Number of protein chains: 2
Amino acid sequence: MPVARPRQPVLSRQRIVEVATAILDKEGLDALSTRRLAQELGVRAPSLYNHFATKDAILDAVADAIIAQVDLRMFGKGEWAVALTEWARTYRRALAAHPNAVPFLAHGPALRPAALALADAVYGALVEAGWPPSYATRIGAAMRYFVAGSSLGSFALGFPDDPSVYAQRYPNLRDAHRLRGRHRQVDDGAFELGLATLVRGFETLYAQVVDAR
Amino acid sequence: MPVARPRQPVLSRQRIVEVATAILDKEGLDALSTRRLAQELGVRAPSLYNHFATKDAILDAVADAIIAQVDLRMFGKGEWAVALTEWARTYRRALAAHPNAVPFLAHGPALRPAALALADAVYGALVEAGWPPSYATRIGAAMRYFVAGSSLGSFALGFPDDPSVYAQRYPNLRDAHRLRGRHRQVDDGAFELGLATLVRGFETLYAQVVDAR
DNA sequence: TCCCTAAACTAACAGCGTCAGCTTTTGTAC
DNA sequence: GTACAAAAGCTGACGCTGTTAGTTTAGGGA
């Protein structure tokens, strides 16, 4: 039987964030209500407000925790282009591990601490490598665009696997019904192709902008 | 005074979608409730269900209408690389015109008709230009990743304009407080840099894969 | 003219985020 | 050691949400 105030706190910000993330991953954003979250924590919904001001603040903390898991240790050692490539893969993996979170990761500008730490590492490494600040900013932004977009949802799963859909209206897509079956391969392939293209392009630009300085 | 059934239908799917889009653009996703939408339409909320099965279906129709506005006429005339570049700009503009819609544009796989028409046009143009199907798929996907990511929310607006935030914790970002002021320029610059890099890289690849065939 | 369907309505449901106020425990100050 | 404030649970309630059931009335076809 629950007591007015327990001998030891039942909740903590960290535990709330963990359980919220678990519900989000398992059952999606719609299943994540304050009452549901509280139940999973062995508590009633209003108790959450002793630890977070609003439900949005909880979601914000979940978002921050996800971004905080992105490894940044590849920066500062080795070639900038190699580090950038590795980082993009790690970043994508972290987002793809929590696909239900992506819609609200997208939501507001990322003013969260982990997002700033991430930007700091990328920008710092590029400037350190010799890139002028204006290039470092745009390269970091362009990479974020690409990674975020690729985590937003599968490209291949966007296509129904019923061939009859395409026959009349979308003749060029006549083989698109096969994409669903190997969506992992298609999405990964597109990501790697885009990533390699971007990084190789930036290397060419580096030779013109930095080496020729 | 409202009547049980009006002489002439008050609602239509199109009118509902238009007003929903207007509310979404002006006041955001949270403001778009069925009662609010109905009020704006001069009607009570349950009447909407004579035209759409659920609220999600309305949002889906809004998403489809937005994607349908993307001009596709540049395909099939002129160089594929030029068309691809123009299309990416148009696509981004269409998404950026409705930033509050992006979170749920991202949500589900894009099984909507307008999204299929878009994919059909891009893929068709690439194959027509000589790209092998597997490349055309991945190029189309990579472009969508980049454009979607760049519309998801401003990169530059993600940085607080208070310099003191950065001093201790994010030393590399010491000048980031200036990004907010010229966010348009920064975001556009990053988009154009990434776009040019991708397209130029694909042109190089084309020379290897297609011309040398 | 009769009847079915379309398209509006009212009333109501459960579930949502959140707040006010209550209770009990804990930690600190004297 | 006792008073007292803060912390961290609780109950009950608010207005809002998406949605359903059932009602009413107009329009169109037989």
Side-chain angles (χ1 to χ4, degrees), chain A residues 1-24 26-64 100-101 103-105 107-108, chain B residues 1-24 26-64 100-101 103-105 107-108:
Chain A
M1 196 176 190
V3 126
R5 177 177 176 178
R7 319 267 156 159
Q8 211 168 330
V10 179
L11 296 178
S12 68
R13 288 178 67 97
Q14 198 197 334
R15 213 165 86 77
I16 293 172
V17 168
E18 283 170 8
V19 174
T21 307
I23 295 175
L24 191 65
K26 236 181 301 175
E27 309 180 36
L29 190 54
D30 288 348
L32 185 59
S33 70
T34 55
R35 285 170 177 80
R36 174 70 205 288
L37 173 57
Q39 186 195 14
E40 211 93 349
L41 285 159
V43 118
R44 310 285 190 155
S47 300
L48 298 169
Y49 290 83
N50 285 320
H51 301 267
F52 286 96
T54 64
K55 185 193 174 185
D56 274 351
I58 300 178
L59 289 179
D60 239 51
V62 169
D64 199 59
N100 296 328
F104 70 83
L105 278 176
H107 209 63
Chain B
M1 197 174 187
V3 127
R5 181 180 174 175
R7 320 267 158 159
Q8 211 168 331
V10 181
L11 296 177
S12 68
R13 288 178 66 97
Q14 198 199 334
R15 215 166 84 77
I16 293 171
V17 168
E18 283 170 8
V19 174
T21 306
I23 296 175
L24 191 65
K26 236 182 300 174
E27 309 181 37
L29 189 53
D30 288 348
L32 185 59
S33 69
T34 55
R35 284 170 176 82
R36 175 68 205 288
L37 173 56
Q39 186 194 14
E40 212 92 351
L41 286 159
V43 118
R44 309 287 189 154
S47 301
L48 298 169
Y49 291 83
N50 286 320
H51 301 267
F52 287 96
T54 63
K55 184 193 174 184
D56 275 350
I58 299 177
L59 290 178
D60 241 50
V62 169
D64 200 57
N100 297 328
F104 70 83
L105 279 176
H107 208 63

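Note that the coordinates shown come from a computational prediction; the quantities given were computed from them, not determined experimentally. The figures that follow rest on heavy atoms only: side chains count, while hydrogens, waters and symmetry mates do not. Numbers restart at 1 for each chain; the letters A, B, ... are given by sequence-line order, proteins then strands.
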Discussion item. Over all strands shown, is I58(B) touching base, sugar-phosphate only, or nothing at heavy-atom distances under 4.0 angstrom?
Written reply: nothing

Worksheet item: Quick one: salt bridge (Lys or Arg N to Asp or Glu O under 4.0 Å) pairs with a partner in residues 49-63 of chain A, sequence neighbours left out?
Response: D60(A)-R112(A)

Item to complete: State the OG1-CZ distance between T34(A) and F52(A), to the nearest 0.5 angstrom.
Response: 13.5 Å

Tabulate protein N/O versus nucleotide N/O from nucleotides 19-23 of chain D, keeping only pairs under 3.5 Å, one per line.
from	atom 1	to	atom 2	distance (Å)
dT19(D)	OP2	Y49(B)	OH	2.5
dT19(D)	OP2	K55(B)	N	2.7
dT19(D)	O5'	Y49(B)	OH	3.2

Discussion item. Please compare V10(A) and D30(B) by the position of their nearest nucleotide in DNA chain D and report the one closer to 5'.
Written reply: V10(A)

Worksheet item: According to the salt bridge (Lys or Arg N to Asp or Glu O under 4.0 Å) rule, which pairs have a member within residues 27-40 of chain A, sequence neighbours left out?
Response: E27(A)-R36(A), R36(A)-E40(A)

Worksheet item: Roughly, in whole Å, what's the span from CD in Q39(B) to C1' in dT10(C)?
Response: 17 Å

Worksheet entry | Length of the CZ-P vector between R44(B) and dA12(C), whole Å | 15 Å

Worksheet item: So do V43(B) and L11(B) actually touch side chain to side chain, heavy atoms under 4.5 Å?
Response: yes

Item to complete: Any chance you could measure T21(A), atom OG1, to L59(A), atom CG, to the nearest 0.5 Å?
Response: 9.5 Å

Discussion item. Can you tell me if S33(A) touches the phosphate of dC16(C), counting only side-chain N or O atoms and a distance under 4.0 Å to OP1 or OP2?
Written reply: yes

Worksheet item: Taking only residues two or more places apart in sequence or in another chain, which ones pass salt bridge (Lys or Arg N to Asp or Glu O under 4.0 Å) with R5(B)?
Response: none

Worksheet item: Side-chain donor or acceptor of N50(B) under 3.5 Å from a matching atom on the base of dA8(C)?
Response: yes

Worksheet item: So, do R15(A) and V10(A) sit near enough that their side-chain heavy atoms are less than 4.5 Å apart?
Response: yes

Worksheet item: Going by heavy atoms in the side chains, are L37(A) and V19(A) under 4.5 Å from each other?
Response: yes

Worksheet item: Can you tell me if CD on E18(A) sees more than 12 non-hydrogen neighbours from other groups inside 6.0 Å?
Response: yes

Discussion item. Could you tell me how far apart L29(A) (CG) and dG17(C) (C1') are, to the nearest whole angstrom?
Written reply: 14 Å

Taking only nitrogen or oxygen atoms into account, show me every contact under 3.5 Å that the protein makes with nucleotides 24-26 of chain D, one pair per line with its distance.
from	atom 1	to	atom 2	distance (Å)
dA26(D)	O4'	R5(B)	O	3.4
dA26(D)	N3	R5(B)	NH1	3.0

Worksheet entry | Rounded interatomic separation in angstrom, taking CG from L37(A) and P from dG9(D) | 13 Å

Discussion item. Over the length of the helix from dT1(C)-dA30(D) to dC30(C)-dG1(D), how much do the five-pair end axes diverge, rounded to 10 degrees?
Written reply: 0°

Practice prompt. Return no unless some side-chain N or O of S47(B) is found under 4.0 Å from OP1 or OP2 of dC9(C).
Written response: yes

Worksheet, complete the sentence: When rounded to the nearest 0.5 Å, the distance separating CG of L32(B) from CG of N100(B) is 10.0 Å

Practice prompt. Working to the nearest 0.5 Å, report the span between CD1 of I23(B) and OG of S33(B).
Written response: 7.5 Å

Discussion item. What is the distance, to the nearest angstrom, from the CZ atom on F52(B) to the P atom on dG18(D)?
Written reply: 15 Å

Worksheet item: So, is H51(B) close to the dA6(C) phosphate, meaning a side-chain N or O under 4.0 Å from OP1 or OP2?
Response: no

